[in-house]
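Every chain is numbered from 1 and lettered A, B, ... according to where its sequence line falls, protein lines coming before strand lines. Since this is a predicted model, take the numbers as computed values, not measurements.
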2 protein chains.
Amino acid sequence: MKTDSSTTYEWIKQLQTCGYRVTAARQTIVELLVSSTHALSPIEIYDLGRKEYPALGLVTVYRTLERLDELGLIQRVHMPDGCHRYLRATQGHQHLLLCTCCGQVEMFEGDDLSKLTQRVEDTTGYHIQDHWLQLFGLCPRCTSQSRQ
Amino acid sequence: MKTDSSTTYEWIKQLQTCGYRVTAARQTIVELLVSSTHALSPIEIYDLGRKEYPALGLVTVYRTLERLDELGLIQRVHMPDGCHRYLRATQGHQHLLLCTCCGQVEMFEGDDLSKLTQRVEDTTGYHIQDHWLQLFGLCPRCTSQSRQ
DNA sequence: CCTCATAATGAAAATGATTTTCATTATGGT
DNA sequence: ACCATAATGAAAATCATTTTCATTATGAGG
Ligand SMILES: [Mn+2]
Ligand SMILES: [Mn+2]
Ligand SMILES: [Zn+2]
Ligand SMILES: [Zn+2]
């Protein structure tokens with residue numbers, strides 16, 4: 001089982017391997033993303049990050065998110081309001097399930113959209129490159145709370 | 001076959017039925033949305049609309065889109081950059097297929113995500129309420145152009 | 001048709017997220 | 001230690017969207 005700190009170390013090492021420098025700002029941001037159970041907005045990362053490293057700038061948060069996204073270490077979550085949040089990427093093809101109440105994010109895999117994709121290609125003549133699939137619902141905790 | 005103008009009339013009538021007033025701004029915006037083959041951004045609607053009706057304000061575009069969305073006459077398209085576009089809603093449950101090159105939007109139906117949804121509910125304990133599914137690809141025209 | 005309450009509008013300002021600019025600082029190869 | 005330059009943070013700019021507010025236009029009722 002991978003601990004958060006070993007993952008943090010690996011991410012930093014990957015940044016280094018790609019020629020990026022290791023900085024306090026990046027370490028702070030990486031630690032937050034590695035250990036968070038829900039998708040973080042840039043502002044959240046900024047606010048949480050400054051508790052650890054008060055000099056952190058919001059712009060650096062955006063720039064670091066860009067790098068980590070390039071390296072495939074995090075993934076973007078599209079929120080209904082159009083803003084973005086970011087989440088540790090997992091290995092393999094996965095999709096997201098968001099709690100509409102508390103924001104908790106769960107991943108799931110095993111969608112097989114190939115039949116659907118094939119049929120849509122045949123019907124429309126499009127050449128399909130990518131897909132977005134996100135599910136929305138209530139997490140177990142919010143479900144039981146709303147039932148009262 | 002429904003003509004654009006009869007659809008425009010119906011939308012206006014629906015607004016009226018719901019107690020909204022019929023105005024030049026709303027007629028202009030409705031006409032554009034009814035006849036467009038691709039998803040329009042608020043700014044596009046504003047720019048196109050002012051050709052018809054120069055006094056049109058961008059705020060009114062936003063407000064009218066809100067109304068039409070409430071009535072289920074249009075649907076929101078989530079773009080990769082986080083901005084929104086709007087498109088005539090179709091009857092029944094449909095999804096979008098966007099050309100990543102020219103922005104053309106195609107609708108398709110017949111996704112059956114119920115098995116997937118059920119499995120994810122069983123696995124995660126979430127109570128799933130909704131889903132987003134969008135496909136991205138190249139439309140036939142853009143496919144042939146990019147092949148040269 | 002005329003009146004009038006008020007829904008709707010557009011201009012301007014405010015907001016909030018994200019990006020750009022730029023002078024300063026910190027990293028890491030030498 | 002030195003130094004080229006990658007990275008940073010502050011401030012300003014940009015862009016989409018929302019709020020505020022004074023003015024205008026709609027449509028119900030007379
Ligand atoms: Mn998938
Ligand atoms: Mn569906
Ligand atoms: Zn929840
Ligand atoms: Zn195209």
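- To the nearest angstrom, P of D:dA12 lies 16 Å from CG of A:L58.
- Here A:A24 lies out of heavy-atom contact (under 4.0 Å) with every strand.
- Comparing C:dG10, D:dT18, C:dA17 against the side chain of B:A25 picks out C:dG10 as the nearest.
- When distances are taken from the side chain of B:R26 to each of D:dT17, C:dA8, C:dA17, the shortest belongs to C:dA8.
- A cation-pi arrangement, defined by a distance under 6.0 Å to the six-membered ring centre and an angle within 45 degrees of its axis, is absent between A:R50 and A:Y53.
- B:L56 comes within 4.0 angstrom of sugar-phosphate atoms only, judged by non-hydrogen atoms across all strands, and of no base.
- Using a 4.0 Å cut-off, no side-chain N or O of A:H84 falls inside it from OP1 or OP2 of C:dA17.
- Proximity of B:T23 to the phosphate of C:dT9: a side-chain N or O atom is located under 4.0 Å from OP1 or OP2.
- Residues A:Y20 and A:E70 have side chains that bring a donor and an acceptor to within less than 3.5 angstrom of each other.
- Of all nucleotides listed (D:dT17, C:dT9, C:dT21), C:dT9 comes nearest to the side chain of B:R63.
- The 5' end of DNA chain D is approached more closely, in terms of each residue's nearest nucleotide, by B:C83 than by the other of B:V22 and B:C83.
- Atom CD1 of B:I43 and atom P of D:dC15 are 10 Å apart (whole Å).
- Atom P of nucleotide D:dT17 and atom CZ of B:R76 are separated by 8 Å, given to the nearest angstrom.
- Position along DNA chain C of the nearest nucleotide to B:V59 versus A:P42 favours B:V59 as the more 5'-ward residue.
- Side-chain contact of B:H95 with B:H131: a donor-acceptor pair under 3.5 Å is present, judged by distance alone.
- For the pair B:T60 and C:dG10, the criterion of a side-chain N or O lying under 4.0 Å from OP1 or OP2 is met.
- With no hydrogens or angles considered, no side-chain donor-acceptor pair links B:Q27 and B:T8 at under 3.5 Å.
- OP1 or OP2 of C:dG29 has not a single side-chain nitrogen or oxygen of A:R21 nearer than 4.0 Å.
- Residues B:Y46 and B:R67 each lie close to DNA chain C; by heavy-atom proximity, the contact nearer the 5' end of the strand is made by B:R67.
- The shortest distance between side-chain heavy atoms of A:M107 and A:R88 does not fall below 4.5 Å.
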